[in-house]
There are 2 protein chains.
Amino acid sequence: MSRVPTQSKPATSPESDETDRTVTDKRILRGEATRDRVLDAAERCFAADGFDAVSIRQIAAEAGVTLGVVGFHSKSKRELFRTVLARRVEPLNIARRERLAALQASGDGLTVHGLVDAYLTPYLEYASGGDPQWRAYAELIARIVSDDRYYREVRDLYDPVALEYMDAFETLYPNASKKDLATLLTLTVSSLLSIVASRERISGLSHEEIPATPLDYRAVLVDFCAGGIERSLAGG
Amino acid sequence: MSRVPTQSKPATSPESDETDRTVTDKRILRGEATRDRVLDAAERCFAADGFDAVSIRQIAAEAGVTLGVVGFHSKSKRELFRTVLARRVEPLNIARRERLAALQASGDGLTVHGLVDAYLTPYLEYASGGDPQWRAYAELIARIVSDDRYYREVRDLYDPVALEYMDAFETLYPNASKKDLATLLTLTVSSLLSIVASRERISGLSHEEIPATPLDYRAVLVDFCAGGIERSLAGG
DNA sequence: TGACATTTTATACGAACGTCCAAATAGTTT
DNA sequence: AAACTATTTGGACGTTCGTATAAAATGTCA
């Protein structure tokens, strides 16, 4: 194989007989483990310092590998960045879809507050959970959202679910314009991400200690967004 | 003079006779003009690409000067960044203080909606006005707010006014905790900045054209933030 | 065991980076 | 005119950047 190995799946393998046979080649297994170490290191570095301020050499050092290994596992710095960003989209989208479906199944739970909570909570939980890589990813997303140049990399991955939530809001406010709904959902997302990105500022303004996790802000955040959406769509 | 010339004012000049005599030295006047061109160029470049992605050579080219000139007018890239950030704080603070004072003088105008509007509108107006440098500055602030490493440069400059607004909110909600007030004000600021930073995302979600200016979002933005604050502080 | 595939090492390349500075230029003061 | 100051020029400095690659190491399979 020339470069950039270990594709996730062969989609439909030529011999349909070994559809889900697990790989046992130790070289590939070791390669995948190395690749994951590199991606984890890149995730932490990009989250801490941003794309441009991080060098491939720093990532290699953080991952405990040599420079060439990073180049072997991703063909460019840009592609490495893209891979890091895309890696965790699926779990988030699934969690948000599940919560939306549960809300729609329960009928009476379909409120603005419920929708906002369903959209925000998975991210808050991942950002507050025990996995430091998820925390790094959450900070990375919060960092790049205000940069169109980078956010374009994830927009197409997150927008489908956002549109599903917009449709749900539309059932509650059939007269609301698409533009207002899009604006309010964007404000909601920005509020969510700012909780992750700006906890230091909050504690600075309130002269208090930094609270434990983003999840601690769940109540006030959801109230803020839900109250804001209802006020706006109520018209004035 | 060794380096970094043209300090704004000698504070109290040794000869108190020429306190506000205007400089007529053509060398210094030309130097100040050059310095402003460099700062303007840096402002545009930093706003467009971020601190780390911009080189001093790019800034020099954008300003139409040679590389050494940038070094002559600011002793390091970091200091240039700081100067660009600090340059426009005063007008914004003044506008916000004036609006706050007007609200407090009129008594009955002191509402959550009025306070939010007073805090947000100056920035929206500068970000939507005819001066492209102010627009660049607005985008720069929106970009760095999610990066503690850079936001520290402006936090101390903006926080005093933010605290005055927090006090005003406290007169409306004496029982609210400092932490909640700080959180809600931070969410308000983040919403404000995301309007500048995320207009492309909004138009993408709503499948509509990009609206003209951030000021066009004033109504929905202020309603969102004011409604969110009231809902949160009303308790649930 | 020998041929082969995959991963890792170690190094090299040219380009671009931030910073610095001696000399040249433009303007002021004596 | 001469001495002096402030600005600008043009280029140099050592460093680090992203990327590429030959050779070594490691594991598979005939």
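Below, read A as the first sequence line, B as the second, and so on, with proteins coming before strands; counting in each chain starts at 1.
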Nearest to side-chain heavy atoms of Arg30(A), which nucleotide of dG18(C), dT7(C), dT19(D): dT7(C)

Interatomic distance where CG belongs to Asp25(A) and P belongs to dA5(C) [whole Å]: 12 Å

Closest to the Arg57(B) side chain, choosing from dA12(D), dT8(D), dG18(D): dA12(D)

Side chain Asp216(B), main chain Thr213(B), donor-acceptor under 3.5 Å: yes

Any Thr34(B) side-chain nitrogen or oxygen under 4.0 Å from OP1 or OP2 of dT7(D): no

Residue-phosphate contact under 4.0 Å: Lys26(B) side-chain N/O, dG27(C) OP1/OP2: no

Integer-rounded Å distance: dT6(C) C1' and Arg35(A) CZ: 15 Å

Nearest-angstrom distance from the residue atom NE2 of His73(B) to P of dA6(D): 13 Å

Aromatic ring proximity Phe81(A)/Phe46(A), centre distance under 6.0 Å: yes

Whether Arg99(B) side chain and Asp117(B) backbone form a donor-acceptor pair below 3.5 Å: no

Sugar-phosphate only, base, or nothing, as touched by Val54(A) at under 4.0 Å among non-hydrogen atoms: sugar-phosphate

Side chain of Ile56(A) (C-beta onward), nearest among dT9(C), dG18(D), dT19(C): dG18(D)

For atom CZ of Arg37(A) and atom C1' of dT8(C), their distance in whole Å: 12 Å

Approximate separation, where rounding is to 0.5 Å, of Arg218(B) CZ and Thr121(B) OG1: 3.5 Å

Nucleotide dG27(D), atom P - distance to CZ of Arg27(A) in whole Å: 9 Å

Check: Arg135(A) side chain, Ala127(A) main-chain N or O, donor-acceptor pair, under 3.5 Å: no

Gln58(A) side-chain N/O to dT16(D) phosphate OP1/OP2 under 4.0 Å: no

Distance, rounded to the nearest Å, where Leu29(B) contributes CG and dT7(D) contributes P: 10 Å

Length of the line joining Phe72(B):CZ and dG10(D):C1', which is rounded to integer Å: 16 Å

Separation of dC21(C) P from Leu67(B) CG (nearest whole Å): 14 Å

Thr66(B) side-chain N/O to dG10(D) phosphate OP1/OP2 under 4.0 Å: no

